Student: 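Quick one: the structure is below, and I'll ask about it shortly.
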Amino acid sequence: MKDNYRHQGKRQLLVKTVEKKGIKDQKVLDAISRIPRHWFMDSSFEDHAYQDKAFPIAADQTISQPYTVAFQTELLELKKGEQVLEIGTGSGYQTAVLCELGAKVYTIERQRELYKKTKAFLNKIGYRPKYLSFGDGYKGLPEYAPFDKIIVTAGAPEVPKDLLGQLKVGGRMVIPVGIDVQIMTLFIRTSPKHFDKREFGNFRFVPLLENKN
Ligand code: SAH
């Protein structure tokens, strides 16, 4: 797989675009500048890879818009070595961003086809999440909980209680909540029983669906 000067040049422009839209975290911007997003798409769609847009991948799903990936990642306030749970592996692009930031990544995908494809692909390009799971993200991964951070990359009609329960005290969960349009929502667990909730505007995601497929 190639990553030539043309790709790298386009990627720097993408980073500038994302920065202009308000992303300040330099580590997040650096991660975007290092990851060849065109590798995560079918080669015939390579020209779309460095536009700040979501794009269709396999199984009727999408690779999230770079700005959205950056926005959610910035809200996580990730530190190296933290244990992060991602719901919705999809293309693996967000997973790669989390790996670039030095997180120990656990990720769940409910579509078998995508799970298999992305697992092999991430391994091939050298990203090593701790664990890729084929399963239903509504349930989280109780056997690896608690997590420092949780990121949900599909639109949740409601906030899954199991996920809140798998967050460490002091931990942060970023989740788009809503049916047609989602409100980006941040939960900070301030004590075993209390969560601070903050909202950050509207986004659009494919839906978080129950059960695996
Ligand atoms: N993070 C991905 C975004 C993919 S779109 C990327 O960067 O490409 C959202 C993904 O969530 C889809 O692949 C979809 O199949 C998956 N998904 C939806 N509901 C899910 C659930 N309950 N558990 C796990 N994955 C789910």
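Indexing begins at 1, ligand by ligand and atom by atom, following the structure's order. No experiment lies behind these values; they were computed from the predicted model shown.
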Student: Counting the benzene-type ring for Trp, do Phe121 and Phe40 have ring centres under 6.0 Å apart?
Tutor: yes
Student: Under the ring pair (Phe, Tyr, Trp, His ring centres under 6.0 Å) rule, collect the residues that match up with Phe195, sequence neighbours excluded.
Tutor: none
Student: Taking non-hydrogen atoms within less than 4.0 Å of ligand 1, which protein residues qualify?
Tutor: Gln61, Thr62, Ile63, Ser64, Glu86, Ile87, Gly88, Thr89, Gly90, Ser91, Tyr93, Gln94, Ile108, Glu109, Arg110, Gln111, Leu114, Gly135, Asp136, Gly137, Tyr138, Thr153, Ala154, Val206, Pro207, Leu208, Leu209
Student: Going by the rule ring pair (Phe, Tyr, Trp, His ring centres under 6.0 Å), which residues pair with Tyr50 if we only count those two or more places apart in sequence or in a different chain?
Tutor: His38
Student: Using ring pair (Phe, Tyr, Trp, His ring centres under 6.0 Å) as the criterion, list what pairs up with Phe55, not counting sequence neighbours.
Tutor: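 Phe55: ring pair (Phe, Tyr, Trp, His ring centres under 6.0 Å) contacts with Phe45, His48.
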Student: Output yes when Arg34 and Glu100 qualify as a salt bridge under the 4.0 Å nitrogen-oxygen rule, no when they do not.
Tutor: yes
Student: Using a strict 4.0 Å threshold on nitrogen-to-oxygen distance, state whether Asp52 and Lys16 make a salt bridge.
Tutor: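 No salt bridge links Asp52 with Lys16.
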